Structures are given as structure tokens and as C-alpha cells.
Number of protein chains: 2
Amino acid sequence: MATLGDVARRAGVSISAVSRVLSDAPGARVSVATRARIKQAAADLAYRPNFAGRALKFARTDVIALVVPDLTNAFATDLMLGVEDEAAARDHMVLLGRSEDLEPDGEMVSRLVGEGRVDGVLVQVADHRLPAELAPLVQAGHPLVFLNSFQPGHLGGAVLDDEAGARLATEHLIALGHRRIAHVGGLPQSFTARRRLAGFEAAMAAAGLPVPGTAVSRLGYVPADGRAALRRLMAADPPPTALVVANVNAALGVLAEARTLGIAVPADLAVVSVHDAWTAENTWPPLTTVKMPTYELGRAAVRALHERLGGGPGRDEVVADPPPRLVLRESTAAPR
Amino acid sequence: MATLGDVARRAGVSISAVSRVLSDAPGARVSVATRARIKQAAADLAYRPNFAGRALKFARTDVIALVVPDLTNAFATDLMLGVEDEAAARDHMVLLGRSEDLEPDGEMVSRLVGEGRVDGVLVQVADHRLPAELAPLVQAGHPLVFLNSFQPGHLGGAVLDDEAGARLATEHLIALGHRRIAHVGGLPQSFTARRRLAGFEAAMAAAGLPVPGTAVSRLGYVPADGRAALRRLMAADPPPTALVVANVNAALGVLAEARTLGIAVPADLAVVSVHDAWTAENTWPPLTTVKMPTYELGRAAVRALHERLGGGPGRDEVVADPPPRLVLRESTAAPR
DNA sequence: GTGAAAGCGCTAACAT
DNA sequence: ATGTTAGCGCTTTCAC
């Protein structure tokens, strides 16, 4: 790998001249001839500025990290796109990390920011994590923006309007004529799960519909959780005629388990989920969902992080534009 | 962020003493007392070695990059785990990158290795890429290992035994009694698609079964491709009674489209796919698949890269251990 | 047993 | 218009 010195030697000039030219230093007075010689030499040698050299000099990397529990979650696709687009617009690179095991001590984040590998981090905390577990991470005071949750004592978070999303899903079922509607929710400690449940309850209350204790499950966001939830909820007497599922992956499990139990969707049971994904198009029946502005969440999070990096105070933001939108497919219909 | 100098000042010793102690320099003669003082000071200041400083000194980062076209592809889950485990065992960190748009000029790879951000790169090339498009990347001579393809003129690749996988899937259908079996393949330029097709054809030939031109589609690996393929293949007269699908995502499309067309799986049509994923458990009917050793592919690729980084010649490897394994679910059965 | 100093690649303030 | 130099944080050789 060629260095500035190599280029300088080849062009017959000093190192600083090369630096000035190649980094477009403002107000650098360099003759057209030398400038050309330098550019040529750099091209010949396929010169690229050394990352470590720059990082050391500037104490800045222009790299941010995005750490998510499960990168293969369809939720992450749009998020990553949003993060990358906004980062690119600010000439930053994005480094991706998994945090299935984001240790409570925040080792991963410390390694990233503490060792100066990146300037700041976007973290999506796994749903099963308790807020108390994250206290060390929060207290370390790193430039950090939480995705999908606000953390007590920490300013720097970007979340979706989960409540509006769940409300929209619920209202759709109510408009179809359903009255016995149940909720397949996430874990009680999950920030998003609590908000989605609140949205569900708000819509039910607004319509004057009861929500008995047997109409809410709070097991989690993976297909197996959806399966278990369905079995539990359908045991109620009378069983619900419709389901608001808090997460699209759990909804996949709900649909599969409904087939196993011989429950016809949407005839016997209407199903709508919060969050859209490509998988929802390929279920049977195709799944009606509420699409959340996940891409914009990514962009907003990067903006928030940059404010922090620029010395700002940090802030918590609910991403509400565009608002949640119903994607009508075939898993919902009026009750029999 | 504390530096060696900060620690040294606090411990009342020189920078070099601190470096020796904190990096466990072999044969460093440091008194127990100073050693303790230094460790204490470092802990007090939450000292962490600066990444850029080390990288500059060593001209090495101990980071490798894994670049895949679509991180949210379920295929990537096991792969990432394998890569991370093997990298961790060698004290390397893994940096993830998307390459949906891995530019033919290899800009992304140049940025990673050329600027010294990472020591080497694992690249999975998107299926639609033509080998010729990758020539510049290959010629740049970077420490590179290709995943899932061998590139002409490049030594450093790790691939699955696609042929064995497709053969196993096909043999399963033949054993069930099917004779008219069709293949839903990937794009003609795709390395894996060609090998899987070969495995399908080999198994058919071994059983003395014909493969008419109407029994092979080569559209791609996403659900929409599977849908299109199904419509095309079922137009044959007589239509096939079973399908070997080269990819699990395409198989999801096949199943969904079969529902739309009123084709009963497995009664009218048996379906088996190459590659397993959690999604396959939640389709209806649950999808029979051939599980490939994707985790081991990740490990092997890291090993190959490390040999290259250690000055070795690089090599191409087919990961065959464990061998492809049939995961029997409910989408396959004997023909009517 | 401990410290001083050079140098990795880069930029910027300061010469000339 | 161009060159010299200090210094970012780190390791390591050399000196004491």
C-alpha cells in the first residue's frame, strides 16, 4: 500500500505538497504543473489515504456502528438502508455488528467507541433485556443512540410510533366489524411491546370494546411465540374472531399454527400484524400488516447521533413521518 | 479517552513501562510493585488501547470484513456465526458490510483493505454478477476470499457442495416414487445455480429419468422468481409431480403461488428446497429442505483468509463436512 | 528494572 | 509555491 511518501518521491515533491493536493486543502497554493504531477503519481501508485494515520491525527474515524440483535430480521433491512443513506450523506461509513449477546457491561460498545474504532454507536437492544441491565452502558457516557427504545437516564433515542401502529391495526379490525379482538404481544419488559399493547388497548377502549385478561398474551416476537400465543388465546370462551399481532415474525407463527389447528384465516380468525416485511407477501393467506417508517427511523437515529457527536445535548425522538400505513392483503376480513 | 501517557502520569512511571505491562510484553522485567500501580491506574482511568495507534504501529488491524449482498437473507445467519466464531478464536473482530451494489470496480473492498481498515475481506458475490465483472476486483490482488464461488484467476474461495445438496434433494423425491421432477434453479451465471442444476441432473440421470427442457427454470433466488418458475413449469404437459427448488426463498414463493393456483402441496406437487432456514418451519405445509453446512462454510472461509494473510498461497475449498442433510418436513410425499 | 527516543502515515502550523 | 517539522497513541530497541 502506497503512502504519501511514496507518492512524493515519485512526483519529486515533498510529502506536505502531496497531502495538500490530495486532500484538497482549502487555500493551498500549488502550481498547476505540480498538482498534475502529484495526481498522476497518486493514480499510478493507486494511492489511498491510510485509515489509521488519519484516525490518529484527527482523533475521529468518520465511522459509526449499527448494532442490532439479529441482522437477519427483516426489520433490519429498511433500518440499515436508512442508516446507510443518512450516514453516506454525511460522509460517514457504517459498520454493522450483531449484539445477540450485547453483554450487560457493554463490552461490545466499549470496544467500538472506547478503542476509537468508531465515533458513535446506534444500538438496538434485544427485547428481553431489562432496562436495569443497561445501566452500565448508559452510565459509560458513550455517544450512543438507542433504537426502538428510550433508556432511563439517557438522552439519545429514536423510536417508532408503536402506539399509532397498533392502534391503526386494531381500528382496521374494528372497522371490519370485529368485537372480540385479542392481542399477541411482546415481552412485558420490551419497550415496543408495552407501547403496542397501549395502542391496542386505546383503540379498543375508544370503540367501547372490552379487553379481558384472556385476550392478551405477552410472549415475544419469534414464530414460536406466536404459535404458543395462538393456542393460549383461542382457548378463551368465546374465542376471539381477530388478532392484532405485535410483530410480523410472530404473525408468521400464528398463521402456521392456525393451519395446524384447523383455524381458517381470515374466515374464522382475522390476523393483522405490526411491521411489514417481504415474508408477509408470501404467507398463506398473504398477511395484512401495518408498515412502520423503519427506513426513516434509521435516518433519524443517524441525525440524532451526529448532533451528539457535534457536541449537542442529544435527544429522544419519535419518528412519525410518514405515519404507519395499513398494507391490506388477505389475512383480514369481516367476521362470519 | 485515556492514553498511555495518562496512565503513566497517574502511576508515576514512564510510558514504555505502562506499555510493557498492559500489553503483557514477553520477558518484560517489571517489579511487582510498579506492575500493580500501573494496573491500578489503568483500571482507574478505564484505559483502552487506541485502535488507530496500534493499527498504525503494526500495519495490521486484526479485523476482517464479511461482505454479503443481503444481510437479512436467512442464509447469512449461520454464515455470520461461523465467521465470527472462527475469527474470535483467532482474536480477530468481524466487520459486516452490505454489497447489494458491490460495484464492479470493487470500490467497497478497496475502501476496506486499500485504506487499511481491515486486514482482509470475505466476499459473497451477488448471484446476478457475471464473472467478467469481477475481473478488476480479482486483479487488485487484495487478500480476499470468495464465498460461494470460485473466481477465475483467483485463489481463495470457499463453497458448499451444492451438487451433493441438490443430488440429495432429488434422490429424496425419486425415492418417494416421483418420475416427473422439475428444477427451479437460479440464474445461469450464478456459480451455485450451475452446480445445483448439475446435481439435479446427475441424480436424474443416475435414475434413468429424463429432464426435458420444460423441466428446468433458471430465474433466480427470490420468492417472486419461485412464483414465476412454478407457473412456467406447471404449464408443461404432463406437469411435474415434484420440484427441486435451488433456494429456500424461491421455495417460499413456490409454495405461495401453488396456493394461488390451487395446487395442493404435497398431494399434487412435492416440493423440496436446497438450504434450510427458520422460515421453512413456518410455511404451510412446513417445507422439506436440505440443510447445508453454512456455519462451517463461514469457519472455513476465515481459515482460508488467515492463511493468505499469513503469507500463504491461498486456496479453493469445497466445504463437505458435515455433508448436506435432509430435513424432512411436510412438503414432500409420494405422488398420487 | 526503568526510561528515552524513533517511527508507523497523516495533517497543519510554520518556515523559506 | 514548496519544504520542514511536530505530534496524534502506540510498541520496541537501546541505554542506563
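Quick note on labels: first sequence line is chain A, next is B, and so on, each numbered from 1. The model shown is predicted, which means the values in this text are computed figures rather than measured ones.
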Notebook entry, point to check: Between B:Phe51 and A:Phe51, what is the ring plane arrangement, given parallel below 30°, perpendicular above 60°, and tilted in between?
Noted result: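 Ring orientation of B:Phe51 relative to A:Phe51: tilted.
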Next item on the list: Name the orientation class of the two ring planes belonging to A:Phe191 and A:Phe150 (parallel below 30°, tilted from 30 to 60°, perpendicular beyond 60°).
Entry: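 Plane angle over 60°, so perpendicular.
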How long is the line joining [atom1] of [X] and [atom2] of [N], in whole Å?
X: A:Asp24; N: C:dC10; atom1: CG; atom2: P; answer: 16 Å
X: B:Leu45; N: D:dG9; atom1: CG; atom2: P; answer: 14 Å
X: A:Arg60; N: C:dA12; atom1: CZ; atom2: C1'; answer: 14 Å
X: B:Lys57; N: D:dT13; atom1: NZ; atom2: P; answer: 9 Å
X: B:Ile38; N: C:dG1; atom1: CD1; atom2: C1'; answer: 11 Å
X: B:Arg48; N: D:dC10; atom1: CZ; atom2: P; answer: 13 Å
X: A:Asn50; N: C:dC8; atom1: CG; atom2: C1'; answer: 9 Å
X: A:Phe58; N: D:dG9; atom1: CZ; atom2: C1'; answer: 16 Å

Next item on the list: Specify the residue among A:Val30 and B:Ala2 whose closest nucleotide of DNA chain D lies further upstream toward the 5′ end.
Entry: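 Its nearest nucleotide being more 5', the pick is A:Val30.
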Notebook entry, point to check: Looking for any heavy atom pair under 4.0 Å, which part of the strands does A:Tyr47 touch: base, sugar-phosphate only, or nothing?
Noted result: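 Touches sugar-phosphate only.
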Next item on the list: With heavy atoms under 4.0 Å as the rule, sort A:Arg54 into base, sugar-phosphate or nothing.
Entry: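 Counting heavy atoms under 4.0 Å across all strands, the contact made by A:Arg54 is with sugar-phosphate only.
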Check: If we ignore angles and hydrogens, is there a donor and acceptor under 3.5 Å between the side chains of A:Thr72 and B:Thr72?
Finding: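 The criterion, which ignores hydrogens and geometry beyond distance, is not satisfied for B:Thr72 and A:Thr72.
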Margin query: Testing the 3.5 Å rule here: is there a donor-acceptor pair between the side chains of B:Thr192 and B:Tyr221?
Written below: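 There is such a pair (donor and acceptor under 3.5 Å, judged by atom type) between the side chains of B:Thr192 and B:Tyr221.
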Notebook entry, point to check: Of A:Thr294, A:Leu71, A:Val94, which meets side-chain contact (heavy atoms from CB on, under 4.5 Å) against A:Met80?
Noted result: A:Leu71
Should [X] and [Y] count as an ion pair when the cut-off is N to O under 4.0 Å?
X: A:Glu84; Y: A:Arg90; answer: no
X: B:Arg303; Y: B:Glu307; answer: no
X: B:Arg10; Y: B:Asp44; answer: yes

Margin query: I'd like to check the salt bridge (Lys or Arg N to Asp or Glu O under 4.0 Å) partners of A:Glu296; sequence neighbours left out, ordered by chain and number.
Written below: none
Check: Where along residues 5-23 of chain A does a heavy atom come under 4.0 Å from DNA chain C, residue by residue in number order?
Finding: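 DNA chain C contact set from residues 5-23 of chain A: A:Ile15, A:Ser16, A:Ser19, A:Arg20.
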Notebook entry, point to check: Contacts to DNA chain C from residues 112-119 of chain B, heavy-atom cutoff under 4.0 Å, which residues?
Noted result: none
Notebook entry, point to check: OP1 or OP2 of D:dT2 less than 4.0 angstrom from a side-chain nitrogen or oxygen of A:Thr34, does that happen here?
Noted result: yes
